[in-house]
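A short worksheet on the structure shown next.
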Amino acid sequence: QYQSLYREYLDKLEEHHAETHYVSDYVEMLNVNEKQLNRACKAMTGHSARHIIDERLNFEAKRFLYYSTHTIKEISYYLGYKDPAHFVKFFKRKNGKTPGEYRNHLSSIEPLPPKKKAEV
């Protein structure tokens, strides 16, 4: 029972994570109450529905910062933040660094040298 609801929630989150960050919106889409959704999420992951939304947004933010050259402002709008300052605050709370600091840290890390072929 929980597995099915949790899977539906993840499907909706995948589809709408850039449009809404509110558990109440997902509850409405799934036609369940918030308590049911949180029980399903906690049964499957040990975390609340809110935590799962935050982790999804954080994952997308890191992905964009690593793989794209989009500005912080562009990334924040893509992720559904109307104010880039809210995105920066969210990102810093989750990661201990602002998006700019995170991106600078990534660029300061040198890639590992290519592995040499083993000699036989």
Closest non-hydrogen atoms of Tyr22 and Ile53, given as atom of the first, atom of the second and distance, are C-CD1, 4.1 Å
Closest approach of Pro99 and Phe87, non-hydrogen atoms and distance?
-> CG-CE2, 3.5 Å
Hey, is the main chain of Gln1 close enough, under 3.5 Å, to the side chain of Ser4 for a donor-acceptor pair?
-> no
ILVMFWY network linking Tyr77 to Leu57, side-chain heavy atoms under 4.5 angstrom = no
Gap separating the CZ atom of Arg103 from the OG1 atom of Thr69, nearest 0.5 angstrom | 7.0 Å
Do you know the tightest heavy-atom contact between Glu60 and Leu79?
-> CB-CD2, 3.5 Å
Does CG belonging to Asn31 count more than 12 external heavy atoms closer than 6.0 Å?
-> no
Would you say Tyr26's side chain and Thr20's backbone share a donor-acceptor pair under 3.5 angstrom?
-> yes
Inter-residue atom distance Ser48.OG - Arg39.CZ, 0.5 Å rounding = 14.5 Å
Would you confirm whether the ring centroid of Phe90 sits within less than 6.0 angstrom of the ring centroid of His21?
-> no
Which residues share a salt bridge (Lys or Arg N to Asp or Glu O under 4.0 Å) with Glu14, sequence neighbours left out | Arg56
Does a donor on one side chain and an acceptor on the other come within less than 3.5 Å for Asn95 and Lys62?
-> yes
CG on Leu5 to SG on Cys41, rounded to 0.5 Å = 7.0 Å
Counting distance only, does the side-chain N/O of Thr45 pair as donor-acceptor with the main-chain N or O of Lys42 below 3.5 Å?
-> no
Locate the shortest heavy-atom distance separating Ser107 from Asn104; write the atom from each residue and the value.
-> OG-O, 2.9 Å
Could you tell me whether Lys94 atom NZ has more than 12 heavy atoms of other residues or ligands within 6.0 Å of it?
-> yes
Audit row: Thr98, Ile72, side chain to side chain contact (heavy atoms under 4.5 Å, CB included) steps and yes/no | CA-CA 10 Å; Thr98 66; Ile72 307 302; over 6 Å; no
When clusters are formed by joining ILVMFWY residues with side-chain heavy atoms under 4.5 Å apart, either directly or through shared neighbours, do Phe59 and Leu10 land in the same one?
-> no
Does CD in Glu19 sit with more than 12 non-hydrogen atoms of other residues, nucleotides or ligands closer than 6.0 Å?
-> yes
Quick one: does Tyr81's side chain get under 4.5 Å of Ile75's, heavy atoms only?
-> no
Within a reach of under 6.0 Å around CD of Glu55, are more than 12 heavy atoms found that belong to other residues, nucleotides or ligands?
-> yes
Distance-minimising heavy-atom pair for Lys97 and Phe91 | O-CD2, 3.1 Å
Please report the shortest heavy-atom distance between Ala49 and Asn38, naming the atom on each side.
-> N-OD1, 2.8 Å
Hey, does the side chain of Gln36 reach the backbone of Asn33 with a donor-acceptor pair shorter than 3.5 angstrom?
-> yes
